[in-house]
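Right, one structure below, let's go through it.
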Amino acid sequence: MASQSDFRAWTNSGDTPAGAQNYTSAEFVYRDPTNGVYQFDWFRRGRHDPKVLKFDGTIRLYQLEFVGATNNLPPKLFMQGIEGLRPEQ
């Protein structure tokens, strides 16, 4: 959709005390016609297909957390939860 741009996703791995872990990250810019421009970030343990984050006209509820400095432009929001995605078990 036109309100979402600069979509970028990647998967990396790292060692933890529990062993090697994979991580999936994504970020994009969201342009709201009323409230302006925001940077959205998403991060989840494991390998995931981030296409669920692409806006497709489906109405979903997002739980957002403001992160970063108050003078960041655009303001940065972390997606804590997304309706329809199960939390890690």
Side-chain angles (χ1 to χ4, degrees):
M1 294 187 80
S3 62
Q4 186 181 34
S5 64
D6 302 329
F7 189 91
R8 191 170 81 100
W10 63 97
T11 301
N12 57 9
S13 63
D15 289 325
T16 70
Q21 299 287 320
N22 292 311
Y23 300 91
T24 302
S25 302
E27 64 185 24
F28 60 88
V29 172
Y30 172 70
R31 286 176 175 77
D32 182 79
T34 303
N35 298 309
V37 178
Y38 299 90
Q39 171 76 40
F40 278 52
D41 291 343
W42 179 78
F43 173 83
R44 193 161 179 192
R45 187 168 43 111
R47 288 188 179 272
H48 303 279
D49 185 353
K51 72 179 177 185
V52 70
L53 302 174
K54 292 200 173 188
F55 294 170
D56 61 2
T58 303
I59 296 174
R60 293 186 183 99
L61 297 177
Y62 294 83
Q63 181 181 359
L64 303 173
E65 174 187 0
F66 177 77
V67 294
T70 56
N71 61 349
N72 282 0
L73 293 176
K76 188 179 278 195
L77 301 169
F78 180 73
M79 293 187 286
Q80 289 282 1
I82 303 169
E83 179 184 31
L85 291 184
R86 292 188 338 209
E88 295 173 348
Q89 298 177 0

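What you see is a predicted model; the values in this text were computed from it and never measured.
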(request) Write down the atom of R60, the atom of K54, and the distance for their closest heavy-atom approach. (result) NH1-O, 4.4 Å

(message) Restricting to side chain to side chain donor-acceptor pair (under 3.5 Å), what partner residues turn up for R47, sequence neighbours left out?
(response) none

(request) Find the distance between NZ (K76) and CZ (F40) and round it off to the nearest 0.5 Å. (result) 13.0 Å

(message) Checking S13 now: which residues fulfil side chain to side chain donor-acceptor pair (under 3.5 Å) with it, not counting sequence neighbours?
(response) none

(message) With rounding to the nearest 0.5 angstrom, report the CZ to CD distance, R31 to Q4.
(response) 11.0 Å

(message) Are the side chains of Y30 and P74 in contact, using a 4.5 Å heavy-atom criterion?
(response) no

(message) When you measure from the centre of the six-membered ring of W10, is the NZ or CZ of R8 closer than 6.0 Å and no more than 45° off the axis?
(response) yes

(request) Please identify each residue that fulfils salt bridge (Lys or Arg N to Asp or Glu O under 4.0 Å) with D6, with sequence neighbours left out. (result) none

(message) Within this structure, what is the OH-CZ distance for the pair Y38 and F66, rounded to the nearest 0.5 Å?
(response) 10.0 Å

(message) Can you tell me how far apart CG (D41) and CE (M79) are? Round to the nearest 0.5 Å.
(response) 7.5 Å

(request) Report the distance from atom CG of L77 to atom OH of Y62, rounding to the nearest 0.5 Å. (result) 13.0 Å

(request) Just jot down the side-chain contact (heavy atoms from CB on, under 4.5 Å) partners of A69, sequence neighbours excluded, or say none. (result) N71, N72

(request) If the plane angle is over 60° it's perpendicular, under 30° parallel, otherwise tilted; pick one for Y23 and F43. (result) parallel

(request) For residues H48 and G46, report the shortest heavy-atom separation together with the two atoms involved. (result) CD2-O, 3.5 Å

(request) State, to 0.1 Å, how close F7 and A26 come at their nearest heavy-atom pair, and which atoms those are. (result) CZ-CB, 4.4 Å

(message) Which Ile, Leu, Val, Met, Phe, Trp or Tyr residues join V29 in one cluster when any pair of side-chain heavy atoms under 4.5 Å counts as a link?
(response) V37

(request) Please confirm whether the backbone N or O of D32 pairs with a side-chain atom of S3, one donor and one acceptor, at under 3.5 Å? (result) no

(message) Applying ring-ring contact (aromatic ring centres under 6.0 Å, His included), can you list everything that pairs with F78, at least two apart in sequence or on another chain?
(response) none

(request) Find out if a path of hydrophobic residues (ILVMFWY) with successive side-chain heavy-atom gaps under 4.5 Å connects F55 to W42. (result) yes

